Amino acid sequence: MKKASTHITQNEALIFERSQPGRRGYMLPPLDVDETPADELLPAELRRDDDLEGVPELSEVDVVRHFTRISTWNFHIDLGMYPLGSCTMKYNSRLNERVARMPGFANLHPLAPEADSQGALEVMYELQRHLSEITGLAGVSLQPAAGAHGELTGVMMIRAFLDKRDGGESARHLMLIPDSAHGTNPASAHLSGFTVKTIRSTPEGLTDLEHLRELCAGGDVAGLMLTNPNTCGIFERNITEICKIVHDAGGLVYMDGANMNALVGVARPGDMGVDVIHLNLHKTFSTPHGGGGPGSGPCCCTAELEPFLPTPLVTRSGDRFRLDFDRPSSIGRVKAFYGNFGMHLRALASILTHGREGLREATEAAVLNARMIAHGLSDIYDKPFDAPPMHEVLFTDKRQSRKGVHTLDIAKRLIDYGFHPMTIYFPLIVQGAMLIEPTESVGRHEIEQFVEAMREIARESVEDPELVLNAPHTTRIGRLDEATAARKPVLRWKPAEKTATA
Amino acid sequence: MKKASTHITQNEALIFERSQPGRRGYMLPPLDVDETPADELLPAELRRDDDLEGVPELSEVDVVRHFTRISTWNFHIDLGMYPLGSCTMKYNSRLNERVARMPGFANLHPLAPEADSQGALEVMYELQRHLSEITGLAGVSLQPAAGAHGELTGVMMIRAFLDKRDGGESARHLMLIPDSAHGTNPASAHLSGFTVKTIRSTPEGLTDLEHLRELCAGGDVAGLMLTNPNTCGIFERNITEICKIVHDAGGLVYMDGANMNALVGVARPGDMGVDVIHLNLHKTFSTPHGGGGPGSGPCCCTAELEPFLPTPLVTRSGDRFRLDFDRPSSIGRVKAFYGNFGMHLRALASILTHGREGLREATEAAVLNARMIAHGLSDIYDKPFDAPPMHEVLFTDKRQSRKGVHTLDIAKRLIDYGFHPMTIYFPLIVQGAMLIEPTESVGRHEIEQFVEAMREIARESVEDPELVLNAPHTTRIGRLDEATAARKPVLRWKPAEKTATA
Amino acid sequence: MRYIPNSPEERQEMLSEVGLSQAVDLFDSIPADARLARPLDVPDALSEIELLARFESLAARNHAAGRPSFLGAGAYSHYSPTIVDALIQRSEFFTAYTPYQPEVSQGTLQAIFEFQTLVCQLTGMDVANASMYDGSTALAEAVLMAERVTRRRRVIVSAAVHPEYLEVARTYVAHAGVELLSAAFDEATGRTNLEDIEGLDETVAAVVVQSPNFFGCVEDVRAAAERAHAVGALLVVAVTESASLGMLRSPGACGADIVIAEGQSFGVPVSCGGPYVGLFATSEKYARQLPGRLVGVAHDKQGRRGFVLTLATREQHIRREKATSNICTNEGLIALAATIYMTTMGRRGLQEVAEQCAQKAHYAARQIAAVEGYELPYSAPFFNEFVVRAPVAADELLPRLADAHNITGGLALSRYFPGRPNDILVCVTEVNRRSEIDALVAGLRKVQSSKFKVQS
Amino acid sequence: MRYIPNSPEERQEMLSEVGLSQAVDLFDSIPADARLARPLDVPDALSEIELLARFESLAARNHAAGRPSFLGAGAYSHYSPTIVDALIQRSEFFTAYTPYQPEVSQGTLQAIFEFQTLVCQLTGMDVANASMYDGSTALAEAVLMAERVTRRRRVIVSAAVHPEYLEVARTYVAHAGVELLSAAFDEATGRTNLEDIEGLDETVAAVVVQSPNFFGCVEDVRAAAERAHAVGALLVVAVTESASLGMLRSPGACGADIVIAEGQSFGVPVSCGGPYVGLFATSEKYARQLPGRLVGVAHDKQGRRGFVLTLATREQHIRREKATSNICTNEGLIALAATIYMTTMGRRGLQEVAEQCAQKAHYAARQIAAVEGYELPYSAPFFNEFVVRAPVAADELLPRLADAHNITGGLALSRYFPGRPNDILVCVTEVNRRSEIDALVAGLRKVQSSKFKVQS
Ligand SMILES: Cc1ncc(COP(=O)(O)O)c(C=O)c1O
Ligand SMILES: Cc1ncc(COP(=O)(O)O)c(C=O)c1O
């Protein structure tokens with residue numbers, strides 16, 4: 001049976017194009033208090049004078065049909081494998097959604113008295129404890145809203161630590177980052193006032209120890225930001241050595257925990273010498289990506305760094321849970337309130353549902369699935385590094401590009417085979433990168449279908465390159481002209497366009 | 001913008017074909033009581049000996065992906081107009097779903113003590129009251145599970161009433177049913193032991209009064225089953241006269257209320273002389289059809305017939321609500337417990353959400369939409385009856401069939417235009433019937449798109465009949481060979497087929 | 001009205017487009033004397049906020065919904081995995097109609113085909129239909145089908161069949177010329193007395209037994225089949241607690257000709273009695289006598305497999321009064337819920353649920369039997385329901401249990417059998433924690449001793 | 001583990017396929033000394049039944065979630081139509097990733113484009129991004145953007161900006177070489193003192209005001225714009241209560257250069273502080289300085305309209321350390337919820353919500369002011385929040401209100417301003433019924449008189 005076919009789908013205009021004056025999709029209870037005259041309420045000059053011109057007017061049915069129709073244009077995890085490398089698109093359980101929607105959590109105001117919020121505080125406290133155990137690091141803050149936010153937090157903590165240790169403004173301004181790192185790493189380091197120096201990778205796709213030593217020699221190294229397994233899907237086997245080098249040079253080691261799905265229950269950053277790490281709960285701990293968030297990027301660190309974690313922290317005294325605001329060395333707040341609590345609930349539910357064995361089992365299954373793909377494609381696609389992949393496997397378009405077929409084309413052609421493409425052109429250290437991460441949530445049969453599809457595409461690239469170059473052929477719209485889109489950006493609907501498309 | 005395009009969809013095997021030994025999608029808490037040895041629990045000869053061979057073994061992810069994938073092959077109301085004539089496919093609000101899932105209702109056992117179920121009893125009592133007001137009939141039973149079930153109930157009540165009135169087994173065994181009636185009418189009448197006699201319709205698509213008088217002359221007429229507006233979408237303007245004729249002949253009038261969406265708030269069967277009627281809450285009162293149920297078919301009747309309603313009835317004494325089992329003349333039970341309570345909740349929520357004005361407004365909007373379609377197509381398609389349509393409009397393929405294009409072809413071609421087809425080949429009194437019911441839940445724009453699509457198809461039927469005859473062209477599978485399916489029925493999966501399709 | 005897309009202004013424009021000036025003109029074909037001259041006497045529209053508050057307060061008055069319960073008797077509290085309700089809430093499923101147009105209804109059709117197959121597997125039969133309203137109407141239809149198949153008009157129904165099922169069957173056959181006779185049950189075992197079934201002869205169309213029966217006792221279905229077949233009658237087996245199918249020998253394996261069941265146990269909330277779903281299965285040779293819808297395999301021109309509604313010539317829309325049944329709309333979405341439940345629990349889960357139900361029920365039975373004054377009158381093996389004979393009237397005892405211990409202790413059999421004031425039907429499932437069972441036992445003990453206090 | 005498709009047996013087969021004998025071999029590349037030699041110290045797996053019970057009991061301990069509340073201060077309780085949560089639960093939306101592949105992500109992309117447009121309409125600006133983490137981080141990014149745009153390094157922030165927003169800004173700019181100065185507010189009006197803003201000169205990159213400000217007072221945004229523009233600085237306007245945009249003159253119309261807002265009011269539950277969604281809008285000319293993602297219109301070869309992520313050269317994955325921000329994942333699903341909320345309420349609904357909030361808040365303010373001992377210290381116009389000065393310490397008064405009257409009466413300002421022990425920030429929205437407001441007033445009166453009793 002073919003994995004996919006084409007079927008009829010509804011097209012749908014913009015919500016503004018569907019709007020009709022006089023339509024209503026809402027009803028409020030009648031105002032039940034004595035009215036205050038408009039002018040006493042608010043002087044005219046402070047009131048809107050545009051009558052919200054342009055904001056849509058629709059019935060509830062219009063809204064439901066609009067968003068239901070456009071939703072059908074999305075690929076999503078519940079349809080199947082979503083192998084975006086580095087994104088860990090695993091199954092998002094409905095059970096976690098149900099937990100997050102319990103009225104006792106959803107209706108709790110963040111500024112409600114501590115005594116009346118004990119359940120929520122316990123949730124955060126327990127999640128902190130589990131994340132601490134999983135990473136092998138003592139301190140945890142749940143405040144960061146996503147991975148990059150966690151990076152910013154962690155790097156700022158390094159900065160604060162060094163300033164304190166070295167007294168005043170530490171002279172250490174260099175943050176070392178491998179060329180394979182995710183873009184958020186240098187961006188976060190920069191935001192924290194560091195100068196980014198790039199470390200080369202070896203031909204095996206590992207951090208170049210020699211180069212690291214060189215860079216550390218200068219004495220102005222604040223730290224290293226490392227992803228492990230790195231973005232090539234390879235475990236940095238010299239990790240303890242790497243940490244030692246940085247520590248000996250007086251710096252600290254930050255680990256980007258985006259790839260923790262390869263390690264949970266198997267190895268702990270804290271045991272390797274890592275000082276601070278962020279986790280992506282929306283990756284490793286299965287909180288839904290929601291088409292681009294919300295995420296949650298808790299920051300975990302050594303006891304030494306704990307004083308610098310953001311304020312407040314959730315602490316426990318006896319059977320009471322408290323918010324600790326008295327943290328003089330803290331870098332301060334990185335977000336209002338306590339982070340994305342709704343994601344904390346889901347992540348805790350996920351950890352408790354997996355349990356001790358389940359967490360490790362998931363790691364094993366994720367790595368095994370990646371191995372199957374490596375095993376099935378290595379003879380056809382260029383695998384730039386020999387090392388066996390962990391939870392994700394990196395290929396390039398080297399062989400196919402000889403015929404003019406590039407990574408982008410292979411990705412688009414995968415769509416015709418019923419798959420969401422892998423992550424493409426990342427990491428940047430290889431040309432035409434294809435980073436494939438199946439996660440543990442994919443069954444053997446679909447892994448085999450994926451391997452087969454990739455092999456078919458390789459064959460097509462030789463026998464019928466045009467077919468691949470013009471893919472996808474099965475979607476309601478074809479490849480979009482992104483260049484023009486960026487040259488003449490249209491970033492919002494305007495009534496003008498309405499008449500245009502109506 | 002075209003209304004629809006084709007897009008990639010996932011194919012999916014049968015759940016049994018996805019199954020793999022050893023997969024698990026569930027977990028129960030550990031057994032927390034002292035175990036009883038197997039043989040004490042149940043003697044071996046009473047136990048299954050097939051180890052549930054063949055029942056699927058799947059992970060939760062498998063199940064979610066399986067049902068999510070196959071769901072995408074369905075057309076549904078949230079995608080747009082679903083103009084099945086006689087089916088009243090109106091918007092199903094999420095609010096009603098939420099109400100039906102409140103734990104206080106969902107977890108209430110039907111045999112819980114009356115005193116501890118007052119909320120549920122009040123819901124049923126209040127719904128009875130509103131339906132009584134809407135139909136103009138005093139007695140209401142919510143027990144029937146669907147329209148046909150309501151018919152059976154109503155017709156049996158007529159039988160019981162006549163037996164009582166005429167003493168013993170009434171000699172009246174004739175049930176008159178127009179040739180335009182829905183198949184459930186004669187089937188229900190037959191189940192109640194009546195002999196069905198068919199009444200002709202006039203060229204205007206109305207009940208033939210003369211024929212009715214004739215049939216009533218015999219003195220053996222038990223009653224008449226009438227749909228109003230009838231299945232041609234026309235209001236039986238002689239309804240009061242019709243009722244009079246039947247009553248004078250000693251019979252009773254049953255009204256099939258499937259088309260009440262044309263009358264709510266505008267006219268009441270009770271005021272027209274109808275004795276008993278069923279309502280389809282899953283039509284007029286927007287409880288979801290669920291791909292073929294559950295429905296709910298309350299039966300409403302005159303005070304005279306009330307003693308014959310099924311047992312129990314929900315009654316009120318002061319501020320207590322009770323189940324009245326003491327109903328000696330009742331036809332008895334037609335269903336265990338009290339009917340599809342979950343649908344009662346939704347229907348009551350729908351009535352309260354619409355309110356006095358809203359109910360009539362919906363009726364007006366529904367009829368207006370049907371008028372728009374009649375207006376837009378009458379010059380192209382054969383409209384067998386002149387009368388202005390109520391909530392649905394009937395056309396035939398008379399003109400198109402000259403070119404060999406029939407109703408079925410037109411229906412299938414509509415799919416390519418992004419519409420769900422109308423009801424076809426019903427009613428049977430015209431050849432190639434196309435019964436179109438837009439309901440109030442469709443906006444003007446989509447009505448216009450529908451008219452346009454139908455006109456296009458009419459054009460194609462002349463200019464390119466093949467295109468229509470081979471439709472649909474945009475679906476993941478084409479027309480299915482129903483003849484062979486019925487000749488060699490395969491009604492279940494068997495392991496054999498597995499190897500066949502794997 | 002916020003569910004109506006077209007605004008009043010738009011509707012006015014549309015009216016003039018069709019040549020009318022106002023909404024009332026739409027109803028010109030309705031004679032004035034048949035019209036409603038006044039507004040309906042229903043309340044003004046409610047906002048979501050008001051509506052939810054209203055129903056929340058109603059729901060709050062269903063006290064029984066919130067407490068531990070040992071009620072069964074045709075409606076069972078089982079755990080339903082979260083994905084069951086999540087998946088049936090996809091509008092693709094719940095807002096679709098009966099799959100009349102297969103090209104755009106394959107989701108519903110394939111799911112029903114899977115449902116039919118699962119029902120066959122669990123009941124041990126060859127074919128099953130797309131569902132009936134519920135177990136009680138399914139039983140009535142089974143009786144009518146037996147008459148069609150055998151052309152005989154007498155049907156013997158065990159007195160241990162659910163009383164409400166029996167009532168429904170009576171109503172259905174009242175005018176079908178079918179005579180219902182009753183087969184008594186043995187007061188010692190609690191099983192239907194199969195040795196001598198009064199009136200069982202060559203004029204009998206079918207024998208109907210329920211297993212586990214209304215009193216929780218597992219019937220000797222094989223023996224029933226032999227007795228029925230001996231006179232050329234069919235055996236109809238009814239199952240109200242479908243969870244038992246995970247453990248009990250399937251009716252098909254015991255020789256049943258028609259099996260009907262209530263599918264509510266498969267992940268469907270008790271919801272005050274409905275919607276539930278009736279399962280209906282039989283053997284190959286009677287397929288064309290089945291009531292209701294059937295989905296079968298079909299192929300398109302390119303040979304691609306699909307599913308369609310089939311054997312429609314049995315049905316009312318083709319056969320009219322000669323149809324095998326008048327049923328049209330069935331319980332599609334509930335059948336889907338049951339299908340998702342059965343596949344999520346799967347082979348092992350259905351077995352484990354059955355095992356836990358039986359274990360917990362037997363634990364409860366032992367504990368209760370050990371309380372002074374209480375006895376279990378029946379000796380037959382049971383699954384997860386059993387009768388307890390109390391030292392006091394059940395309708396005094398149960399309210400006290402509810403008030404003093406916040407437990408719904410079971411069903412007072414006097415509801416159906418006035419002659420049995422002290423009997424309570426107790427049901428235990430996998431959702432009843434041991435602590436609940438122990439609380440029930442403690443409660444029974446208390447009530448009982450307090451009674452003796454009263455007497456002394 | 002029930003979420004892992006492949007069974008242990010299948011995984012064993014797969015292992016041998018890839019030439020391994022057991023699962024541990026998968027981790028050969030991890031040196032032994034870096035491995036975890038023991039099982040994790042986390043509890044055993046829980047079933048759904050156990051997990052739900054566990055979280056239900058935790059939720060039950062959040063007493064505040066269940067009672068009438070007048071808390072605002074950056075998180076607002078508004079009614080969210082049922083369809084908002086129903087639609088974002090479609091797995092098509094909530095289980096998708098950032099729309100990197102437009103051909104199979106148009107649903108997400110079009111929704112974001114609609115979100116961007118709605119944000120522009122409400123704020124009165126030209127362009128808006130695809131969302132920021134929340135209002136507080138959006139403000140910090142706005143400060144950094146102002147620095148990029150003006151190449152100036154001093155930013156003046158009103159002291160009436162939400163204290164937590166200010167703290168976040170401080171953290172963000174700590175190492176960016178930006179200096180934050182504070183503009184005092186007027187103790188009589190409660191508004192930022194715009195007449196003489198200390199340090200406002202040609203070296204200032206931006207002036208930041210919040211309106212309604214933290215104390216609920218509506219600022220004179222136009223005046224602020226004039227003052228800022230006079231020295232070539234940008235005006236950054238922050239909005240924490242976005243419901244106010246349905247009534248208040250839009251910041252854009254008042255001359256703001258950057259507008260950031262917390263979008264939680266648009267149908268998003270308060271959920272103990274997150275996830276929320278940050279809105280970020282500015283004028284055309286600064287579009288390329290925006291942080292975060294942007295969706296724009298694009299066409300395919302056949303000229304069909306679609307949407308794509310665009311102007312990516314601003315972002316970290318291209319620009320790395322030179323990016324306008326480090327943000328990657330934003331708040332997509334919450335932005336979708338806000339979009340559905342805004343379209344469901346629509347033009348008239350957003351106006352009516354704002355009107356009801358203002359009306360109820362003013363009613364409450366009048367009633368409270370009439371209670372002996374309580375006063376409203378500020379004279380400036382307000383929307384739905386206002387400061388009440390109580391005759392007793394707020395942190396004595398509020399717990400008594402909670403215990404005796406089951407009302408969360410508001411926020412004790414001492415949480416942020418230790419010098420203001422008696423001040424309470426009270427927020428009223430459309431969900432606060434008159435009866436709740438009257439109960440609050442009655443409660444304040446009681447507490448107050450009981451206080452005098454204590455004193456006399
Ligand atoms: C390796 C790596 N680091 C950091 C990030 C940033 O995480 P987030 O998108 O949650 O900010 C990602 C996510 O794409 C990533 O893959
Ligand atoms: C006119 C008419 N009568 C009766 C029925 C039967 O109703 P139900 O399908 O709910 O049994 C229908 C539904 O199709 C109908 O259209």
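None of the values given here were measured: they were computed from a predicted structure. So that the names make sense, note that chain A is the first sequence line, chain B the second, and so on, each numbered from 1.
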Examine whether an atom of [X] lies under 4.5 Å from a heavy atom of chain C, and if so say whether it belongs to the side chain, the backbone or both; otherwise answer neither.
| X | answer |
| --- | --- |
| B:Lys412 | side chain |
| B:Ile234 | neither |
| B:Ile415 | side chain |
| B:Gln118 | both |
| B:Asn280 | neither |
| B:Leu84 | side chain |
| B:Pro43 | side chain |
| B:Phe67 | both |
| B:Glu35 | both |
| B:Pro56 | both |
| B:Ala120 | both |
| B:Arg101 | side chain |
| B:Leu359 | side chain |
| B:Ala106 | both |

| request: Counting only heavy atoms closer than 4.5 Å, note whether C:Leu71 contacts chain B via side chain, backbone, both or neither. | output: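 C:Leu71 touches chain B through backbone and side-chain heavy atoms alike.
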| Under 3.5 Å, side chain of B:Tyr26 to main-chain N/O of C:Pro81, donor-acceptor pair present? | no
| request: Identify whether the distance between the nearest side-chain nitrogen and carboxylate oxygen of C:Arg347 and B:Asp50 falls below 4.0 Å. | output: no
| remark: Highest number of heavy-atom pairs under 4.5 Å with chain B among C:Pro269, C:Ser136, C:Ser271, C:Ala323 belongs to C:Ser271
| request: Verify whether one side chain among B:Ser71 and B:Asn74 offers a donor that lies under 3.5 Å from an acceptor in the other. | output: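 Not at all, the side chains of B:Ser71 and B:Asn74 share no donor-acceptor pair under 3.5 Å.
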| Any chance the side chains of C:Glu103 and B:Thr475 put a donor and an acceptor closer than 3.5 Å? | no
| request: If the plane angle is over 60° it's perpendicular, under 30° parallel, otherwise tilted; pick one for B:His109 and B:Phe337. | output: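 Answer is perpendicular, since the angle exceeds 60°.
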| query | Using the ring of each side chain (for Trp, its six-membered ring), is B:His149 parallel, tilted or perpendicular to C:Tyr133, with breaks at 30° and 60°? | reply |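 If you compare the ring of B:His149 with that of C:Tyr133, the planes turn out tilted.
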